[in-house]
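Because the structure is predicted, anything quoted here is derived from the model rather than measured. Each chain gets a letter, A, B and so on, in the order the sequences are listed, and its residues count up from 1. Values below: all heavy atoms of this structure, side chains included; hydrogens, waters and symmetry mates excluded.
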Amino acid sequence: MSEHAHPTIKTFVAVWATLLVLTALTVFAATLELGPFNAIVALSIATVKALLVMLFFMELRYSTALTKVAVVAAIFFLMLLLGLTLSDYMTRGWSSYINPFR
Amino acid sequence: MGPRRGLKLPDSEIAVHNLKHHFADLEQQKATSTFGMWLFLVTEIMFFGGMFAAYLVYRLSYYNAWVAGSQTMEIKLGAINTVVLICSSLTMVMAVHFAKLGNRKLTALCLILTLALGFSFLGVKAVEYHGHWVHHEVPGPNFHFEHEGNYDPRQVAMFFSLYFAMTGMHAVHMIIGAGLLTWLLIANARGRFSTEYNSPVEMVGLYWHFVDLVWIYLFPLLYLISHHHNG
């Protein structure tokens, strides 16, 4: 277990440089008129950055399977929270059923 | 806890001293610490997740007000703070790296740099908060928003409420992080860590990177995505 490969300073500096490039990219993308894609592009870049931080800086890549399962579960439940909340709020206008209690 | 105040242990005994009796060995203890720290961070993800959900729901309901509120943000300051936090994540990861190598001087240097970058972030945030205060953008009796567009200014107050709640909770986490870094610096100077035992440095590292993760999403959501839209 202790013989796991560990990232080197070179890896950390490369990840850091990539994060800076992605930050510059997302600021540049905000100056473009992309309509709904402004949000999609910005959040996609943020997710790539988040993955880089988690995999390399937080060393998730080198963590035990148990730790990885906990993190994947967290992301799953976060998606459940955001997804079901939005699917409710975004479709409230669709409702046409007759409320028997009204 | 560690050895009593003033008691210096030779490097070879630090690990033995810090191995709790209910663990088979240091490796098991470390794996448990890492898992426990991640479980805590999972609860933190859900904590911030609730605020992100509220933000998304209101953004969809009060879209025009959200755009107007978001456009008062200074992208330049937000971008500077993003760079500052990313640099602090690098120095934090280096501190962990040098702690594992048993290099106390470089561990201390990296911890000090991380702390300095953390305070820089808070400084920039204070400048931004001051600007919002001066421009009457803090929700409450002094809130006043010159609006042109099809929305209720109270909806902009809601944007700022969530802005202050989210960036405020993030800043509180930064302040706690600064406290943890100070604690590490003292423990490191007292020689409490060695090549075999350095879990506290690693765990604080995980916490610090998590705080960076939250900002990675706050920056685009609050500053960027509405920059070019019409309120």
**Report entry** Intermediate values then yes/no, side-chain contact (heavy atoms from CB on, under 4.5 Å), A:Leu43 and B:Tyr217
**Finding:** CA-CA 7 Å; A:Leu43 290 177; B:Tyr217 281 97; 4.1 Å; yes
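From B:Leu90, atom CG reaches atom CG of A:Leu20 across 9.0 Å, with rounding to the nearest 0.5 Å. Rounded to the nearest 0.5 Å, atoms OH (A:Tyr62) and OG1 (B:Thr34) are 15.0 Å apart. The CE atom of A:Met58 lies 3.5 Å from the CH2 atom of B:Trp38; values are rounded to the nearest 0.5 Å. To the nearest 0.5 Å, atom CD1 of residue A:Ile45 and atom CD1 of residue B:Ile216 are 12.0 Å apart. Put simply, CD on B:Glu27 and OG1 on A:Thr64 are 11.0 Å apart, with the number rounded to the nearest 0.5 Å. Atom-to-atom distance recorded for B:Thr82:OG1 and A:Lys49:NZ is 5.5 Å, nearest 0.5 angstrom.
A 6.0 Å sphere centred on CZ of A:Phe37 holds no more than 12 heavy atoms belonging to other residues, nucleotides or ligands. Residue A:Met90 qualifies as open at atom CE: its count of foreign heavy atoms under 6.0 Å is 12 or below. Counting heavy-atom neighbours within 6.0 Å of B:Phe47 CZ, excluding the residue itself, gives a total above 12.
The part of B:Phe219 that comes within reach of chain A is its side chain, from C-beta onward, which places non-hydrogen atoms under 4.5 angstrom from that chain. Only the side chain of A:Thr23 has a heavy atom closer than 4.5 Å to any heavy atom of chain B. With a 4.5 Å cut-off on non-hydrogen atoms, A:Leu34 does not touch chain B at all. Proximity to chain B involves both the backbone and the side chain of A:Leu19, based on heavy atoms less than 4.5 angstrom apart. Residue B:Leu213 touches chain A through its side chain alone, counting heavy-atom pairs closer than 4.5 Å. When heavy atoms are compared at a cutoff of 4.5 Å, A:Phe12 approaches chain B by way of both its backbone and its side chain. In this structure, chain A has heavy atoms under 4.5 Å from both the backbone and the side chain of B:Leu224. For a residue to count as touching a neighbouring chain, one of its non-hydrogen atoms must lie under 4.5 Å from one of that chain's; by this rule B:Ile86 touches chain A with backbone and side chain alike. Looking at B:His209, the atoms closer than 4.5 Å to chain A (heavy atoms on both sides) sit in the backbone and in the side chain alike.
With chain B as the partner, the residue from A:Val13, A:Leu32, A:Thr8 showing the most heavy-atom pairs under 4.5 Å is A:Leu32. Per-residue heavy-atom pair counts under 4.5 Å with chain A were compared for B:Gly78, B:Cys87, B:Gly205, and the maximum is reached by B:Cys87. Note on A:Leu86, A:Asp88, A:Leu82, A:Thr47: by heavy-atom pairs under 4.5 Å with chain B, the leading option is A:Thr47. Your options are A:Val41, A:Thr85, A:Val71, A:Val15, and the one with the most heavy-atom pairs under 4.5 Å with chain B is A:Val71. Of the listed residues A:Leu66, A:Val27, A:Thr26, A:Val53, the one with more heavy-atom pairs under 4.5 angstrom with chain B than any other is A:Leu66. If you tally non-hydrogen atom pairs under 4.5 Å between each of A:Leu78, A:Ile75, A:Ile40 and chain B, the highest count goes to A:Leu78.
B:His227 approaches A:Thr31 most closely through the heavy-atom pair CD2-CA, 4.3 Å. Between B:Ile225 and A:Ala39, the closest heavy-atom pair is CG2-CA, 3.4 Å. The shortest heavy-atom contact between A:Ala70 and B:Leu39 is CB-CD2, 4.3 Å.
Residues meeting the side chain to side chain contact (heavy atoms under 4.5 Å, CB included) test with B:Asn188, sequence neighbours left out: B:Arg104, B:Thr107, B:Ala108, B:Phe193.
Salt-bridge annotation for A:Glu59 and B:Lys100: present, with a side-chain N of the basic residue lying under 4.0 Å from a carboxylate O of the acidic one.
Residue-level contacts of residues 49-62 of chain B with chain A, in order of numbering, are B:Gly49, B:Gly50, B:Phe52, B:Ala53, B:Leu56, B:Val57, B:Leu60; threshold 4.5 Å between heavy atoms.
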